[in-house]
A.B. asks: 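Before we start, here is the structure in question, set down as structure tokens.
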Amino acid sequence: MAKKPNKLKARLPRGFVDRSADDIRATDEMIGKIRAVYEQYGFDPVETPAFEYTDCLGKFLPDTDRPNAGVFSVQDDDEQWMSLRYDLTAPLARHVSENINEIQLPYRTYRAGWVFRNEKPGPGRFRQFMQFDADTVGAPGVQADAEMCMMMADTMEALGMARGQYVIRVNNRKVLDGVLEAIGLGGEENAERRLTVLRAIDKLDKFGLEGVRLLLGEGRKDDSGDFTKGAGLPVEAQDKIIGFISGEAQLDNEGQTELDTMAGIFATCGYEADRIKIDPSVVRGLEYYTGPVYEAELLFDVTNEKGEVVQFGSVGGGGRYDGLVKRFTGRDVPATGFSIGVSRLMTALKNLGKLQTSEVVAPVLVTVMDGDTEALGRYQKMVQELRQAGIRAEMYQGNWKKFGNQLKYADRRNCPIAIIQGSDEFEAGEIQVKDLIEGKRLSAEITDNVTWRESRPAQLTVKRDALVETVRALLDSQADDRAQAEKA
RNA sequence: GCAGACGUAGCUCAGUUGGUUAGAGCGUCGGAUUGUGGCUCCGAAGGUCGGUGGUUCGAAUCCACUCGUCUGUACCA
């Protein structure tokens, strides 16, 4: 009773995805457009590795009980903990600190890279995803923050988003701190409660003013019936916060002055509220932002592949982090920067139709009729001629003896054209050039297989010398047809 | 982490009050067609019924635990 051996199950760790050719090409295109904006603004690239020593990354110090909480960590052979980076900001702070004597400040820099988070994945949330950051390190003034906001706006438009489809929302952490102080939550002893309040404010998009009020007070019950404990603030304090984040009340403090300065810069440069807007409910990055904070939000609804309408919300954000480099150097090195969630933004752009997903035409296929060395050389020569003429081409590399399979392969691969030369054609000095796209169209009208095979639809015979010009002409005409179809 | 729903072929799903050898459609592969894609027809492969344990003469079906997926929520540097 020999049991069948258990086959190994091919599977991907949850929260990770393979990327298709379309995805990779679309991402490259997107990154190119973003990079062009950053370069234009005078930023230079820098790259850091995926791994860092865990203590350099921030608050997740290696804890012997849970070294992998939130991050992916491994122990090096000298027992030091290393982690996969979870953002690009902490590694940048490390890089700048390590090279502080060589780097000319203010340092304007950008980088794209994969980051990793060891947490529960969800729809559109992965454990590996790409961020594209820009930072100005060593610039204390809010004019640097203002520039970042304008660059974010320009980036959104470079990606094809129209005015009104996105907005950059700006706030200042010092303003929020002032509000918290005003309701008696200042001081060390209230740090935990302050966090709860800030988290509640951050939920405004999701739950609305009423939901935020519940979270500021007793708490809120979610759709599954689970209860989230609130901050337990008295009603007067709730009123103050609600009044503030709904924009009814303002505070007169340093944060507000900074916001006013930034607003002035935006106005002078022509960035009106349809692009950049001061919004008192923006929170972001609770732990390390110290001044202005900003985020890019999409304003249009996105319909996902299941046909459900999803609010996309934030696709990127950043702020001022004056303390991050100081952790290493002891020197005050103020910095501001932001991060774009490339993978997330790409999903949105795809839904908006701003990304052509299959621009690339599949290669021309040179089929193999005869398998002797001499003939194989002839086929390969045709392929090389096409390639040298700048045309994507390949010779069939499967089992050539089943000719039908070669065309089936070409069909599934979406090849535009197949080249056929058997011994008859060879002796006549000719080749067959088969238009697979036109042929597919014609196939709808033919129901009987014998006719289909013998009529050889959309196939023409030309002299061997005319290979390149015939193929090129056919490709051009196919491209015209596509352009026509696009318009219609 | 917490709460809920759901796990049957590669995919989408049937499977009667617990009852022989667990089915269908799509897809895959082969053939009809040895030099022509599509259509049609014929055939084949493909399952530890998520896993473990229990109840039972008998479990895909009932029970417990566990793993995984999905939804909401918490956390999110």
Side-chain angles (χ1 to χ4, degrees), chain A residues 3-7 9-11 13-15 54 57-61 66 69-71 83 85-91 93 115-123 125 127 131 195-196 199-200 202-203 206-207 211 215 219-230 283-289 306 308 314 317-319 321 324 339 341 365 367-370 396 400-415 417-426 432 434-459:
Chain A
K3 254 188 165 178
K4 260 188 251 180
N6 284 344
K7 273 182 292 187
K9 173 97 174 158
R11 63 209 180 105
R14 67 203 182 95
T54 306
L57 279 181
K59 69 174 188 180
F60 287 97
L61 297 173
R66 300 178 64 197
V71 295
S83 300
R85 62 189 177 193
Y86 53 76
D87 69 11
L88 298 177
T89 311
V115 301
F116 304 83
R117 294 187 186 179
N118 190 3
E119 57 191 25
K120 180 184 154 186
R125 286 187 66 148
R127 295 205 288 177
Q131 292 191 330
L195 278 180
T196 311
R199 282 174 194 139
D202 201 25
K203 298 285 186 294
K206 219 169 174 180
F207 302 143
L215 286 171
R220 179 181 176 278
K221 201 184 275 188
D222 73 36
D223 292 346
S224 70
D226 197 22
F227 188 75
T228 307
K229 197 171 183 301
V283 180
R284 295 207 70 84
L286 303 162
E287 301 291 337
Y288 66 55
Y289 290 130
K306 288 178 194 158
E308 300 157 341
S314 167
Y321 49 97
L324 224 48
S339 175
L365 183 74
T367 59
V368 176
M369 278 288 194
D370 298 311
Y396 186 69
W400 62 272
K401 289 179 181 168
K402 295 198 163 124
F403 188 72
N405 284 350
Q406 301 196 37
L407 288 184
K408 202 185 239 179
Y409 169 85
D411 192 43
R412 293 204 181 167
R413 207 157 152 31
N414 279 318
C415 291
I417 294 169
I419 307 296
I420 303 165
Q421 188 191 51
S423 49
D424 296 349
E425 289 88 355
F426 176 58
Q432 305 272 350
K434 192 175 180 70
D435 181 341
L436 295 171
I437 307 219
E438 176 68 1
K440 182 174 275 183
R441 200 180 61 74
L442 292 173
S443 80
E445 295 156 19
I446 304 171
T447 51
D448 125 79
N449 188 252
V450 178
T451 314
W452 163 247
R453 288 169 63 123
E454 287 177 357
S455 68
R456 298 189 176 175
Q459 188 167 328

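Chain letters run A, B, ... following the sequence lines, proteins first, then strands; residues in each count from 1.
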A.B. asks: Can a donor-acceptor pair under 3.5 Å be found between the side-chain atoms of E425(A) and the base atoms of G35(B)?
C.D. replies: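 It does, because a donor-acceptor pair links the side chain of E425(A) to the base of G35(B) below 3.5 Å.
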A.B. asks: Restricting both atoms to N or O, compile the protein contacts to nucleotides 66-68 of chain B shorter than 3.5 Å, with distance only.
C.D. replies:
none

A.B. asks: Among residues at least two apart in sequence or on other chains, which ones pass side-chain hydrogen bond (donor to acceptor under 3.5 Å, both in side chains) with R456(A)?
C.D. replies: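 Partners of R456(A) under the side-chain hydrogen bond (donor to acceptor under 3.5 Å, both in side chains) test: none.
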A.B. asks: State which of G35(B), A77(B), A74(B) makes the closest approach to the side chain of K203(A).
C.D. replies: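 Nucleotide nearest to K203(A)'s side chain: A74(B).
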A.B. asks: In whole angstrom, give me the gap between the C1' atoms of G30(B) and G19(B).
C.D. replies: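 Taking atom C1' in both G30(B) and G19(B), they lie 37 Å apart.
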A.B. asks: Considering only heavy atoms from C-beta outward, does the side chain of L57(A) approach that of P91(A) to under 4.5 Å?
C.D. replies: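 Touching, per the 4.5 Å side-chain cut-off.
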A.B. asks: If you restrict it to nitrogen or oxygen atoms, what contacts under 3.5 Å exist between nucleotides 29-34 of chain B and the protein, and what is each distance?
C.D. replies:
unit_1: U33(B); atom_1: O2; unit_2: R453(A); atom_2: NH1; d: 2.6

A.B. asks: Tell me whether the OP1 or OP2 atom of G72(B) has a side-chain N or O from K120(A) closer than 4.0 Å.
C.D. replies: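 For G72(B), neither OP1 nor OP2 has a side-chain N or O of K120(A) closer than 4.0 Å.
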A.B. asks: Which whole-number value in Å describes the distance from L442(A) CG to C39(B) P?
C.D. replies: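 After rounding, the gap between these two atoms is 15 Å.
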A.B. asks: Using a 4.0 Å heavy-atom cut-off across all strands, classify S423(A) as base, sugar-phosphate, or nothing.
C.D. replies: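 Counting heavy atoms under 4.0 Å across all strands, the contact made by S423(A) includes a base.
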A.B. asks: Please state the P separation for the pair U33(B) and G25(B) - nearest whole angstrom.
C.D. replies: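 Here U33(B) and G25(B) have their P atoms 25 Å from each other.
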A.B. asks: Mind checking the C1' distance from U16(B) to C62(B)? Whole angstroms is fine.
C.D. replies: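 Rounded to whole Å, the distance is 16 Å.
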A.B. asks: Taking only residues two or more places apart in sequence or in another chain, which ones pass side-chain contact (heavy atoms from CB on, under 4.5 Å) with K120(A)?
C.D. replies: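 Result, side-chain contact (heavy atoms from CB on, under 4.5 Å) vs K120(A): none returned.
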A.B. asks: Looking only at atom C1', what distance separates U56(B) and G7(B), rounded to whole Å?
C.D. replies: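 So the two C1' atoms sit 24 Å from each other.
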A.B. asks: Could you tell me whether D370(A) contacts a base, only the sugar-phosphate backbone, or nothing, with contacts defined as non-hydrogen atoms closer than 4.0 Å?
C.D. replies: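 Here D370(A) touches no strand at all.
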A.B. asks: Which sits closer to the 5' end of RNA chain B, F116(A) or T228(A), going by the nucleotide each is nearest to?
C.D. replies: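 Its nearest nucleotide being more 5', the pick is T228(A).
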A.B. asks: Can you tell me the distance, in whole Å, between the NZ atom of K221(A) and the P atom of A3(B)?
C.D. replies: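 Atom-to-atom, K221(A) to A3(B), this comes out as 14 Å.
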A.B. asks: Which whole number of Å gives the distance between the C1' atom of U61(B) and that of G50(B)?
C.D. replies: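 It comes out at 16 Å once rounded to the nearest Å.
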A.B. asks: Mind checking the P distance from A24(B) to C42(B)? Whole angstroms is fine.
C.D. replies: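 Taking atom P in both A24(B) and C42(B), they lie 14 Å apart.
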A.B. asks: How close or far is atom P of C75(B) from atom CZ of R220(A), stated in whole angstroms?
C.D. replies: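 Nearest whole value for this atom pair: 12 Å.
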A.B. asks: Check every strand shown and say whether T447(A) touches a base, only sugar-phosphate, or nothing at a heavy-atom separation below 4.0 Å.
C.D. replies: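 Result for T447(A) = base.
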A.B. asks: Which whole number of Å gives the distance between the C1' atom of G54(B) and that of A59(B)?
C.D. replies: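 Between the two C1' atoms, the distance is 11 Å.
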A.B. asks: In whole angstroms, how far is the P atom of G35(B) from the NZ atom of K434(A)?
C.D. replies: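 Checked: the NZ to P distance equals 14 Å.
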A.B. asks: What is the separation between atom CG on D448(A) and atom C1' on C41(B), rounded to the nearest whole Å?
C.D. replies: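 Going from CG in D448(A) over to C1' in C41(B) covers 13 Å.
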A.B. asks: Going by modelled atom types, is there a donor-acceptor pair between the base of C76(B) and the side chain of R125(A) at under 3.5 Å?
C.D. replies: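 Flag set: donor-acceptor pair detected.
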A.B. asks: Quickly work out the E445(A) CD to C39(B) C1' distance and round it to whole Å.
C.D. replies: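 Going from CD in E445(A) over to C1' in C39(B) covers 13 Å.
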A.B. asks: Mind checking what makes ring pair (Phe, Tyr, Trp, His ring centres under 6.0 Å) contact with F116(A), not counting sequence neighbours?
C.D. replies: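 Partners of F116(A) by the ring pair (Phe, Tyr, Trp, His ring centres under 6.0 Å) criterion come out as none, since no residue qualifies.
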A.B. asks: Can you check whether any acceptor in the base of U36(B) is under 3.5 Å from a donor in the side chain of E454(A), or vice versa?
C.D. replies: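 Per atom types, no contact qualifies.
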A.B. asks: F403(A): which residues meet the ring pair (Phe, Tyr, Trp, His ring centres under 6.0 Å) condition with it, sequence neighbours left out?
C.D. replies: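 So F403(A) forms no ring pair (Phe, Tyr, Trp, His ring centres under 6.0 Å) with any residue.
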A.B. asks: In which ranges does RNA chain B form stems of 3 or more consecutive Watson-Crick or G-U pairs, distances under 3.5 Å?
C.D. replies: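 Stems (3+ consecutive pairs) listed as B:1-7 with B:67-73, B:10-13 with B:23-26, B:28-32 with B:40-44, B:50-54 with B:62-66.
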A.B. asks: To the side chain of D87(A), which of G37(B), U36(B), A77(B) is closest?
C.D. replies: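 Of all the options, the side chain of D87(A) is nearest to A77(B).
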A.B. asks: Going by side-chain hydrogen bond (donor to acceptor under 3.5 Å, both in side chains), name the residues that satisfy it together with E438(A), two or more places apart in sequence or in a different chain.
C.D. replies: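 Scan of E438(A) (side-chain hydrogen bond (donor to acceptor under 3.5 Å, both in side chains), adjacent residues dropped) gives R441(A).
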A.B. asks: Given the ring of F207(A), does R220(A) sit roughly above its face, with NZ or CZ under 6.0 Å from the centre of the six-membered ring and within 45° of the axis?
C.D. replies: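 Yes, a cation-pi geometry holds between R220(A) and F207(A).
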A.B. asks: Test for a donor-acceptor pair under 3.5 Å between the base of U73(B) and the side chain of K206(A), counting only N and O atoms.
C.D. replies: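 When only heavy-atom distances are counted, K206(A) does not reach the base of U73(B) through any donor-acceptor pair under 3.5 Å.
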A.B. asks: With sequence neighbours excluded, what pairs up with Y396(A) under the side-chain hydrogen bond (donor to acceptor under 3.5 Å, both in side chains) test?
C.D. replies: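 Here no residue qualifies.
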A.B. asks: Looking at every strand, decide which applies to I420(A) at a 4.0 Å heavy-atom threshold: base, sugar-phosphate, or nothing.
C.D. replies: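 Since a base atom lies under 4.0 Å of I420(A), the category is base.
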A.B. asks: Using a heavy-atom cut-off of under 4.0 Å over every strand shown, decide if F207(A) touches base, sugar-phosphate, or nothing.
C.D. replies: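 Sugar-phosphate, no base atom in range.
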A.B. asks: For M369(A), is there any backbone N or O sitting under 3.5 Å from a side-chain donor or acceptor partner on Q421(A)?
C.D. replies: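 The answer is no, because no donor-acceptor pair under 3.5 Å joins these two groups.
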A.B. asks: Answer yes or no: is there a side-chain heavy-atom contact under 4.5 Å between K203(A) and L215(A)?
C.D. replies: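 When only atoms from C-beta onward are counted, L215(A) and K203(A) do touch, with a gap below 4.5 Å.
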A.B. asks: Side-chain N or O of R199(A) versus OP1/OP2 of C76(B): is the shortest distance under 4.0 Å?
C.D. replies: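 Yes.
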A.B. asks: Ignoring backbone atoms, establish whether W452(A) has a side-chain N or O less than 4.0 Å from OP1 or OP2 of U36(B).
C.D. replies: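 For W452(A), the contact criterion (side-chain N or O under 4.0 Å from OP1 or OP2 of U36(B)) is not met.
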A.B. asks: Classify the nucleic acid contact of G404(A) as base, sugar-phosphate or nothing, counting any heavy atom under 4.0 Å across all strands shown.
C.D. replies: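 Sugar-phosphate, no base atom in range.
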A.B. asks: Grab the CD-P distance between Q459(A) and G37(B) for me, whole Å please.
C.D. replies: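 Value for this atom pair: 10 Å.
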A.B. asks: Quick one: side-chain contact (heavy atoms from CB on, under 4.5 Å) partners of R453(A), sequence neighbours excluded?
C.D. replies: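 N449(A).
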A.B. asks: Can you tell me which nucleotide in A74(B), G37(B), U36(B) comes closest to the side chain of K440(A)?
C.D. replies: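 Closest nucleotide to the K440(A) side chain: G37(B).
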A.B. asks: Using the side-chain contact (heavy atoms from CB on, under 4.5 Å) criterion, which residues pair with T451(A)? Sequence neighbours excluded.
C.D. replies: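 Checked T451(A) against side-chain contact (heavy atoms from CB on, under 4.5 Å); matches are I446(A), D448(A).
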A.B. asks: Using atom CD of Q406(A) as one end and atom P of G37(B) as the other, report the distance to the nearest whole Å.
C.D. replies: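 That distance rounds to 12 Å.
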A.B. asks: Stacking check: are the rings of Y86(A) and A77(B) less than 5.5 Å apart at their centres and under 30 degrees in tilt?
C.D. replies: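 Ring-base stacking flag set for Y86(A) and A77(B).
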A.B. asks: If we take the P atom in both C41(B) and G27(B), what is their distance in whole Å?
C.D. replies: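 Comparing P positions in C41(B) and G27(B) gives a spacing of 12 Å.
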A.B. asks: Suppose we screen for side-chain contact (heavy atoms from CB on, under 4.5 Å). Which residues come up paired with K401(A), at least two apart in sequence or across chains?
C.D. replies: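 Listed in chain order: N399(A).
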A.B. asks: Short question: side chain of T367(A), backbone of I419(A) - any donor-acceptor pair under 3.5 Å?
C.D. replies: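 Between the backbone of I419(A) and the side chain of T367(A) there is a qualifying donor-acceptor contact (under 3.5 Å).
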A.B. asks: Quick one, E119(A) and R125(A) - any side-chain contact, counting heavy atoms below 4.5 Å?
C.D. replies: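 Touching, per the 4.5 Å side-chain cut-off.
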